[in-house]
Amino acid sequence: MTENPIRVRFAPSPTGMFHVGGARSALYNWALARQQDEGRFVLRIEDTDAARNKPEWTEGIVQALAWLGISDSDPHFEGPYFQSSYAGKHRETAERLYKEGRAYYCDCTREQVQERRDNPNLGYDGFCRDRGLEPGPGRALRFRVPEGGPTVVEDAIRGRVEFEHTSIEDFVVARADGSPLFVLANVVDDAEMGINQVIRGEEHLSNTPKQQLLWEALGHTPPAWAHLPVIVNEKRQKLSKRRDKVALETYQDEGFLPEAMVNYLMLLGWSPGEDREIMPWSQMEPLFAVSDVNSASAFFDEKKLRAFNGEYIRALAIEDFVERCRPWLDPEVAPWPEENYDEDAFRAIAPLAQSRVAVLGEIVANVDFLFLDQPVEDAKSWSKAMKPETAAPMLAAARDRLADPGLSWEPEALRAELEAAGTELGLKLGKAQAPVRVAVTGRTVGLPLFESLQVLGRERTLLRIDAALERVRAEEAGVAPAGADAVPDSGPEGSAATE
RNA sequence: GCCCCCAUCGUCUAGUGGCCUAGGACGCCGCCCUUUCAAGGCGGUAACGCCGGUUCGAAUCCGGUUGGGGGUACCA
């Protein structure tokens, strides 16, 4: 279509969070810019709304992009530019539009506009079109939409879209105070920055005929358009920051890998074909084409994202996995006392956790038993594992066997002991290990038990089994568990004890 | 209301007139493996919204219909 190198742009307004929909748009734009040596991805911060414009938010945008792999140090990256710094150009253009008769001043108030609509289907009836009003207080500048003929938008994703001019009102391009509106500023900036391909969300499709009219009025060739389908929630509504989980930062905090997020986002409306899904960015980048983007809205399925994330986590080299877990092990956020953390212990157990976490944040619950003074208190796990008939004898037997000073503290030996203890009580290993697991980790589910015990160490294992045994016996005797670590728990535990 | 967009398994999609008794992935279900939970292996469930055309032939083309969605600001 164009021989000139592609220049696309990503133009978010700084709102304090980075929307996943914006992330997908950015990625699509980025892929196109990267496909050509001279292709450029222009970042423009639309900060005209002074109310929501803080420097740190811009920083957040740059960081979020970098997280996705869109680095401002890449030669294909240009900017950031700030819309606010083009205010002069915007006003100049508005004035030019007026001087050339393409726009006129209007002193109608909002109420008058409402009253004046002769056609109930159109917002403004063009009352001031030919009144020849001069610029002045209270007068907004409206674009004179040409009479007759439709404006045809050629959209790379949707094809030809026609808008009859009778359905486009004379829209305001500059407020009474002279400040430009989005529709104008956006066009002026895009033209100024040489943007020749606009890829953005479908919510902008209805702005497009107005913008195209503006491009033409200004004597420029409009860019090629592509309107991406919106990303929706389970109710099939556009993802909104008010009610939906849309902030990229949230996913980052939970432990989603950028590789997985990028992979998933790319697939929301586009497919590399050939039944391929898990595919690194480097392979998708050259394959991507806007014309292949699906036109139907897409549901953001976190379940599938998690599955992808798990895949990527499992594919990590163990060293990498350990490093990536760091942020959640940080003393600032970890639930255990800083001095309890043991790097060697973590590294020893990490391989077992790698295939068990779907998001990195889950690493904490998997290893906390190693670093907490006491295992976590989980009433459900306790009542499920500490069955009155078997828990006490099992714990006692386990204690006796594991306390044997001659026992080699290794998974195979530990397993053999617990298995034997269980057999004596008529319990299969599955049942036999449960009380021990809960005594030691606090939970019924977790990493393989014998390796866990190995890393935890003999001392602490025995201490925890003792404590659990004491508590079980106290509960069986109908006495409320005493001691500092006893956590009162009514309902489920009481009923379990009477079973 | 009006303008515009959209429509294949629950979800994301492949499919561009015959290769489709519609393929993959996530989810879900079952089995295997198994110390819990994962992971892994095997198998299964499940879709072309509806009605008309066009055509020898339609998931694919056209019209309508229904149902979703987006936009309707002196917001971006």
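The structure displayed is predicted, hence computed values, not measured ones. Note on naming: letters A, B, ... go to the chains in the order of the sequence lines (proteins, then strands), and numbering restarts at 1 for each one. All values below come from the heavy atoms of this structure, side chains included, with hydrogens, waters and symmetry mates left out.
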Trainee: Going by number, which of residues 131-146 of chain A have a non-hydrogen atom under 4.0 Å from RNA chain B?
Mentor: Gly138(A), Ala140(A), Arg142(A)
Trainee: Between A76(B) and His204(A), is there a base-stacking contact, meaning the centre of the base's six-membered ring lies under 5.5 Å from the residue's ring centre while the planes stay under 30° apart?
Mentor: yes
Trainee: How long is the gap from CD on Glu192(A) to OG1 on Thr93(A), to the nearest 0.5 Å?
Mentor: 7.5 Å
Trainee: Can you name the side chain to side chain donor-acceptor pair (under 3.5 Å) partners of Asn309(A), sequence neighbours left out?
Mentor: none
Trainee: Assign a letter to each nucleotide of nucleotides 39-44 of chain B from its 5' end: B, base within under 4.0 Å of a protein heavy atom; S, sugar-phosphate only; -, no contact.
Mentor: SS----
Trainee: Using OP1 and OP2 only, check whether a side-chain N or O of Lys238(A) sits under 4.0 Å from G71(B).
Mentor: yes
Trainee: Does Phe171(A) have any ring pair (Phe, Tyr, Trp, His ring centres under 6.0 Å) partners at least two apart in sequence or in another chain, and if so, which?
Mentor: Phe143(A)
Trainee: Considering only residues two or more places apart or on different chains, which pairs with a residue in residues 174-183 of chain A satisfy salt bridge (Lys or Arg N to Asp or Glu O under 4.0 Å)?
Mentor: none
Trainee: Which part of the nucleic acid, if any, lies within contact of Ala296(A), taking any heavy atom under 4.0 Å across all strands shown: a base, the sugar-phosphate backbone alone, or nothing?
Mentor: sugar-phosphate
Trainee: When you compare U11(B) with A47(B), how far apart are their C1' atoms, in angstrom units rounded to a whole number?
Mentor: 12 Å
Trainee: Nearest to the Asp301(A) side chain among G10(B), C4(B), G24(B), which nucleotide is it?
Mentor: G10(B)
Trainee: Less than 4.0 angstrom between a side-chain N/O of Arg158(A) and OP1 or OP2 of A7(B), yes or no?
Mentor: no
Trainee: Any strand counts, and the cut-off is 3.5 Å on both contacts for Watson-Crick or G-U wobble. Which nucleotide pairs with A25(B)?
Mentor: U11(B)
Trainee: When you measure from the side chain of Asn207(A), which nucleotide among C26(B), A76(B), G69(B) comes out closest?
Mentor: A76(B)
Trainee: Once side-chain hydrogen bond (donor to acceptor under 3.5 Å, both in side chains) is applied, what residue pairs with a partner in residues 269-279 of chain A remain, sequence neighbours excluded?
Mentor: Glu277(A)-Lys304(A)
Trainee: Using ring pair (Phe, Tyr, Trp, His ring centres under 6.0 Å) as the criterion, list what pairs up with Tyr105(A), not counting sequence neighbours.
Mentor: Tyr98(A)
Trainee: Between the protein and nucleotides 64-67 of chain B, list the N/O to N/O atom pairs that are separated by less than 3.5 angstrom.
Mentor:
none

Trainee: Searching all strands shown, indicate the nucleotide that pairs with G1(B) (Watson-Crick or G-U wobble; both distances under 3.5 Å).
Mentor: U72(B)
Trainee: Could you go through nucleotides 58-62 of chain B and list every protein N or O atom that sits under 3.5 Å from one of its N or O atoms, giving the distance for each pair?
Mentor:
none

Trainee: Quick one, give me the B/S/- string for nucleotides 30-35 of chain B, reading 5' to 3', where B means a protein heavy atom under 4.0 Å from the base and S means that only happens at the primed atoms, P, OP1 or OP2.
Mentor: -----B
Trainee: Does G40(B) have a Watson-Crick or wobble partner in any strand here, with both distances under 3.5 angstrom, and which is it?
Mentor: C32(B)
Trainee: Does the structure show a Watson-Crick or G-U wobble partner for C61(B), both distances under 3.5 Å? Name it, or say none.
Mentor: G53(B)
Trainee: Starting from P on C74(B), measure out to CG on Asp177(A) and report it in whole angstrom.
Mentor: 13 Å
Trainee: Take Asp190(A) and Arg9(A), measure what salt bridge (Lys or Arg N to Asp or Glu O under 4.0 Å) needs, and give me the verdict at the end.
Mentor: CA-CA 8 Å; Asp190(A) 281 345; Arg9(A) 44 70 154 184; 2.9 Å; yes
Trainee: Hey, is the side chain of Arg175(A) poking within less than 4.0 Å of OP1 or OP2 on A76(B), counting only N and O atoms?
Mentor: yes
Trainee: Between A73(B), U11(B), A76(B), which nucleotide gets closest to the side-chain atoms of Glu169(A)?
Mentor: A73(B)
Trainee: With nearest nucleotide decided by heavy atoms, which residue, Leu305(A) or Ser206(A), maps closer to the 5′ end of RNA chain B?
Mentor: Leu305(A)
Trainee: Apply side-chain hydrogen bond (donor to acceptor under 3.5 Å, both in side chains) to Ser297(A) and Arg236(A), showing your working.
Mentor: CA-CA 8 Å; Ser297(A) 56; Arg236(A) 298 245 127 222; 3.3 Å; yes
Trainee: Enumerate, atom names and distances included, each donor-acceptor pair closer than 3.5 Å involving a side-chain atom of residues 415-425 of chain A, sequence neighbours excluded.
Mentor:
from, atom 1, to, atom 2, distance (Å)
Glu417(A), OE1, Arg401(A), NH1, 3.0
Thr423(A), OG1, Glu419(A), O, 2.7
Glu424(A), OE2, Arg401(A), NH2, 2.6

Trainee: For Glu203(A), answer base if it contacts any base atom (sugar-phosphate contacts may also be present), sugar-phosphate if it contacts only those atoms, and nothing otherwise; contact means non-hydrogen atoms under 4.0 Å.
Mentor: sugar-phosphate
Trainee: For nucleotides 14-22 of chain B, list the nitrogen or oxygen atoms of the protein found under 3.5 Å from its nitrogen or oxygen atoms, one pair per line.
Mentor:
from, atom 1, to, atom 2, distance (Å)
A14(B), OP2, Asn294(A), OD1, 3.1

Trainee: Testing the 3.5 Å rule here: is there a donor-acceptor pair between the side chains of Gln83(A) and Asp189(A)?
Mentor: yes
Trainee: Between G18(B) and C12(B), how many Å separate the two C1' atoms, rounded to a whole number?
Mentor: 28 Å
Trainee: Base, sugar-phosphate alone, or nothing: which one does Thr444(A) contact when heavy atoms must sit under 4.0 Å apart?
Mentor: base
Trainee: Given side-chain contact (heavy atoms from CB on, under 4.5 Å), test Val8(A) with Val198(A) step by step and report yes or no.
Mentor: CA-CA 6 Å; Val8(A) 292; Val198(A) 169; over 6 Å; no
